[in-house]
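The block underneath contains the structure these notes are about, expressed in structure tokens.
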Amino acid sequence: MSVFEVRHGTSPVILAMPHTGTDVPSEIWERLNDNGRQLIDTDWYIHNLYDGLLEKATVVRAMFHRYVIDANRDPEGASLYPGQNTTGLIPKTDFDGEAIWKSGAEPTDDDIAQRVATFHSPYHTALQSEIERVKAIHGLAIVYDCHSIRSHIPFLFEGTLPDFNIGTNDGQSCHPAVAAAVVNVVRNADGYTRTLNGRFKGGWTTRHYGTLESGVHAIQMELAQSTHLSAEEPPFSYDTAKAERIRARLRDILTNLERAASELKK
């Protein structure tokens, strides 16, 4: 199986997709229980949702499922949200707090080390390589980390998640102009709700790469899956009408980010 796919572009915008993959090696699949094999926590259809929205964007997409190892978690295992319910580098449960591994088949420390080397590190090596290549062209890079999640998950958050969840690590991962390029679109997106640095402030990708001193600006977009799925439950069917509506807003976001990059270069 391929660990990742890369589409090389010439735009300053890089689309990172750590959670759209559904590939699970057979030896790991055998250790998942029936609940785990539903792969319920996939970022369903995110690669389809963003496809073609910014013609020259670079795309780095993980092909393995987050239950193999989560490419948006600290490889050292540090929690993104200390004191809150969340899932780790190799999740023990799904987002509802339900076990995903057969009894006695839970990942060991050796499993973690092996999967970091086989999956996590190669994905991030590819992403880092594309960041450096884009920076060589433009003098900066904007990493836009693409995600989606069910809008009702009591184990992780109360109530209903907004449609657009923008994360900038409380303003530390990107220039204010980059955040504004996204916020200004969603603020005027009729019929949608939004928040900045709410429950999701950006995962390890956003926090690791987004440092102003390096010229890398990182921002995470967590979409509620109600914006593009027929229902947020199996079989997680893609709703074309919903998707086309939100794709228009996402296209505006990516176009605005490209403009923001041009301004920052001046």
If you take all heavy atoms of Ala189 and Arg249, which pair is closest and at what distance?
CB-CD, 3.5 Å
Tell me, yes or no, whether the heavy-atom count around Asn188 atom CG, taken from other residues, nucleotides or ligands under 6.0 Å, exceeds 12.
yes
Contact summary for His152 and Gly159, nearest pair of heavy atoms:
ND1-O, 3.9 Å
For Glu258 and Pro12, indicate whether the former's side chain and the latter's backbone hold a donor-acceptor pair under 3.5 Å.
no
Looking at side-chain heavy atoms only, is the closest gap between Asn256 and Val182 below 4.5 Å?
no
Mind checking the OG-CG spacing from Ser11 to Leu254? Nearest 0.5 Å is all I need.
8.5 Å
For residues Tyr50 and Arg251, determine if any side-chain heavy atom of one lies less than 4.5 Å from a side-chain heavy atom of the other.
no
Hey, could you give me the CG/SG distance between Leu264 and Cys174, rounded to the nearest 0.5 Å?
9.5 Å
Check for a donor-acceptor pair, side chain of Asp70 on one end and backbone N or O of Tyr67 on the other, with a separation under 3.5 Å.
no
Test item: side-chain donor near acceptor, His19 and Thr42, under 3.5 Å:
no
Can you get from Phe119 to Val59 by hopping between Ile, Leu, Val, Met, Phe, Trp and Tyr side chains that sit under 4.5 Å apart?
yes
Ring pair (Phe, Tyr, Trp, His ring centres under 6.0 Å) filter on His208, not counting sequence neighbours, yields Trp204
Between Gln225 and Ser151, a side-chain donor and acceptor under 3.5 Å:
no
Rounding to 0.5 Å, atoms CZ (Phe200) and CG (Leu156) come to a distance of 6.0 Å
Give every residue pair that meets the salt bridge (Lys or Arg N to Asp or Glu O under 4.0 Å) criterion with at least one member in residues 25-45, sequence neighbours excluded.
Glu30-Arg37, Arg31-Asp111, Asp41-Arg150, Asp43-Arg66
I'd like to know if Leu196 and Leu80 are part of one continuous hydrophobic network [Ile/Leu/Val/Met/Phe/Trp/Tyr, side-chain heavy atoms within less than 4.5 Å].
no
Between Arg73 and Ser79, does any side-chain donor sit less than 3.5 Å from a side-chain acceptor?
no
Do side-chain atoms of Thr227 reach the backbone of Leu223 as a donor and acceptor pair under 3.5 angstrom?
no
Strictly by modelled atom types, are Asn35 and Asp94 linked by a side-chain donor-acceptor pair under 3.5 Å?
yes
How many angstroms lie between atom OG of Ser237 and atom CG of Leu229, to the nearest 0.5 angstrom?
8.0 Å
Drop me the distance from Asp145's CG to Ile14's CD1, to the nearest 0.5 angstrom.
11.0 Å
Could you tell me whether a side-chain N or O of Asn169 sits under 3.5 Å from a main-chain N or O of Gly171, the two making a donor and an acceptor?
no
Same hydrophobic cluster for Leu161 and Val186, using side-chain heavy-atom links shorter than 4.5 Å among ILVMFWY?
no
Shortest non-hydrogen contact between Pro162 and Thr193, atoms and distance
CA-OG1, 3.2 Å
Ile40 vs Phe95 side-chain heavy atoms within contact, under 4.5 Å
no
May I ask you to decide if His147's main-chain N or O and Glu222's side chain share a donor-acceptor pair within less than 3.5 Å?
no
Before you tell me yes or no, could you show the steps for Arg194 and Asp163 under salt bridge (charged side-chain N to carboxylate O under 4.0 Å, His left out), namely the whole-Å CA-CA distance, both residues' side-chain angles and the distance that decides it to 0.1 Å?
CA-CA 6 Å; Arg194 77 289 301 170; Asp163 298 318; over 6 Å; no
Measuring only between side-chain heavy atoms, which start at C-beta, is Leu39 closer than 4.5 Å to Val24?
yes
Just wondering, are more than 12 heavy atoms of other shown residues or ligands nearer than 6.0 Å to CD in Glu55?
no
Main-chain N/O of Ala117 paired with Ser121 side-chain donor or acceptor, under 3.5 Å:
no
May I ask you to check whether Tyr192 and Arg245 show a side-chain donor-acceptor distance below 3.5 Å?
yes
Of all the heavy-atom pairs spanning Cys146 and Ile46, show the shortest one and how long it is.
CB-CG2, 3.6 Å
Just wondering, are more than 12 heavy atoms of other shown residues or ligands nearer than 6.0 Å to NZ in Lys265?
yes
Minimum heavy-atom separation for His217 and Leu212, please, with both atom names.
ND1-CD2, 3.5 Å
Return yes if some donor-acceptor pair links the side-chain N/O of Arg115 with the main-chain N/O of Val68 below 3.5 Å, else return no.
yes
Sub-4.5 Å side-chain heavy-atom contact between Val143 and Ile219:
no
Is there a donor-acceptor pair under 3.5 Å between the side chain of Asn197 and the backbone N or O of Thr168?
yes
Report yes if some heavy atom in the side chain of Thr58 is under 4.5 Å from a heavy atom in the side chain of Leu15; otherwise report no.
no
Regarding Glu98 and Thr93, do their side chains bring together a donor and an acceptor under 3.5 Å, going by distance alone?
no
Over 12 foreign heavy atoms within 6.0 Å of NZ, Lys92:
no
Any donor-acceptor N/O pair, His228 side chain to Trp44 backbone, under 3.5 Å:
yes
Could you tell me whether a side-chain N or O of Tyr81 sits under 3.5 Å from a main-chain N or O of Lys201, the two making a donor and an acceptor?
yes
Checking side-chain polar atoms at under 3.5 Å, does Thr205 have a donor or acceptor matched by the opposite partner on Asn72?
yes
Evaluate the side-chain proximity of Val3 to Phe64: yes if any heavy-atom separation is below 4.5 Å, no if none is.
yes
Compute the ring centroids of Tyr123 and Phe4, then answer whether they are less than 6.0 Å apart.
no
Mind listing the closest non-hydrogen atom pair of Ala243 and Leu49 along with its distance?
CB-CD1, 3.7 Å
Here the gap from His120 atom NE2 to Thr125 atom OG1, rounded to the nearest 0.5 Å, amounts to 10.5 Å
Spell out, yes or no, whether Ile100 and Ile112 are grouped together once hydrophobic residues are joined by side-chain heavy atoms under 4.5 Å, including indirect joins.
yes
Measure the shortest side-chain to side-chain distance between Met17 and Val60 over non-hydrogen atoms and say whether it is less than 4.5 angstrom.
no
Is the closest side-chain donor-acceptor distance between Arg61 and Thr20 under 3.5 Å?
yes
